[in-house]
Amino acid sequence: MLTGSLLAIQEYYVNCNNVQSLPPISFTISGVQFSIPPSGYILQINGYCVVGFESTYLPSRNGQPLWILGDVFLRQYYSIYDFGNNQIHLKLFHDLNSLFLII
């Protein structure tokens with residue numbers, strides 16, 4: 001669990017000295033786990049450390065929480081959108097020699 005202070009609407013701040021002790025955050029998509037280290041989801045802005053995730057109140061089709069995997073996720077994973085086959089191909093950005101995971 002991330003703890004931080006809500007200092008502005010939809011923005012949470014954490015102590016910059018504690019960033020390395022924060023846990024990675026993982027998403028499971030189609031049975032594959034995708035992790036983001038704290039250095040990937042904590043943004044340093046004007047000397048402050050801000051959590052890069054935002055909540056959304058958009059309704060989902062099945063009533064479950066809806067996540068938009070935006071820039072925080074896409075900075076970590078190289079993605080190819082294959083509209084012809086209705087697939088998304090993902091791989092770790094720093095490991096481009098490995099195989100793509102297809103979801």
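This structure is a prediction, so every number in the text was calculated from the model and none was measured.
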>> Holding to side-chain contact (heavy atoms from CB on, under 4.5 Å), I want the full list of residues that pass it with Asn17, two or more places apart in sequence or in another chain.
In response: Asn15
> Say you draw a straight line from CZ of Phe53 to CD1 of Ile36; how long is it, rounded to the nearest 0.5 Å?
Replying inline: 4.5 Å
> Partners of Asn18 by side chain to side chain donor-acceptor pair (under 3.5 Å), sequence neighbours excluded?
Replying inline: none
>> Quick check: do Ile25 and Phe27 have side-chain heavy atoms less than 4.5 Å from each other?
In response: yes
>> Is there a side-chain contact between Val51 and Ile42 in this structure, where contact means two heavy atoms from C-beta onward sitting under 4.5 Å apart?
In response: yes
>> Going by the rule side chain to side chain donor-acceptor pair (under 3.5 Å), which residues pair with Asn62 if we only count those two or more places apart in sequence or in a different chain?
In response: Ser60
>> How close do Val19 and Cys49 get, counting heavy atoms only, and between which atoms?
In response: CG2-SG, 4.0 Å
> Excluding sequence neighbours, so at least two apart, what forms side-chain contact (heavy atoms from CB on, under 4.5 Å) with Tyr81?
Replying inline: Leu74, Ser79, Phe83, Ile88
> Excluding sequence neighbours, so at least two apart, what forms side chain to side chain donor-acceptor pair (under 3.5 Å) with Ser21?
Replying inline: none
> Which pair of heavy atoms, one from Pro23 and one from Pro38, lies closest together, and at what distance?
Replying inline: O-CD, 4.1 Å
> Please walk me through it: do Ile29 and Leu69 pass side chain to side chain contact (heavy atoms under 4.5 Å, CB included)?
Replying inline: CA-CA 11 Å; Ile29 305 170; Leu69 300 177; 3.6 Å; yes
> Within a strict 4.5 Å, meaning less than it, do heavy atoms of the Tyr41 and Leu22 side chains meet?
Replying inline: yes
>> Taking side-chain contact (heavy atoms from CB on, under 4.5 Å) as the definition, give me every residue that meets it alongside Asp71, ordered by chain and number, with sequence neighbours left out.
In response: Arg75
> What heavy-atom pair brings Cys16 and Gly47 nearest, and what distance separates the two atoms?
Replying inline: SG-O, 4.0 Å
> Does Ser39 have any side chain to side chain donor-acceptor pair (under 3.5 Å) partners at least two apart in sequence or in another chain, and if so, which?
Replying inline: none
>> On a heavy-atom basis, which atom in Gly40 and which in Gln76 lie closest, and how many Å separate them?
In response: CA-NE2, 3.5 Å
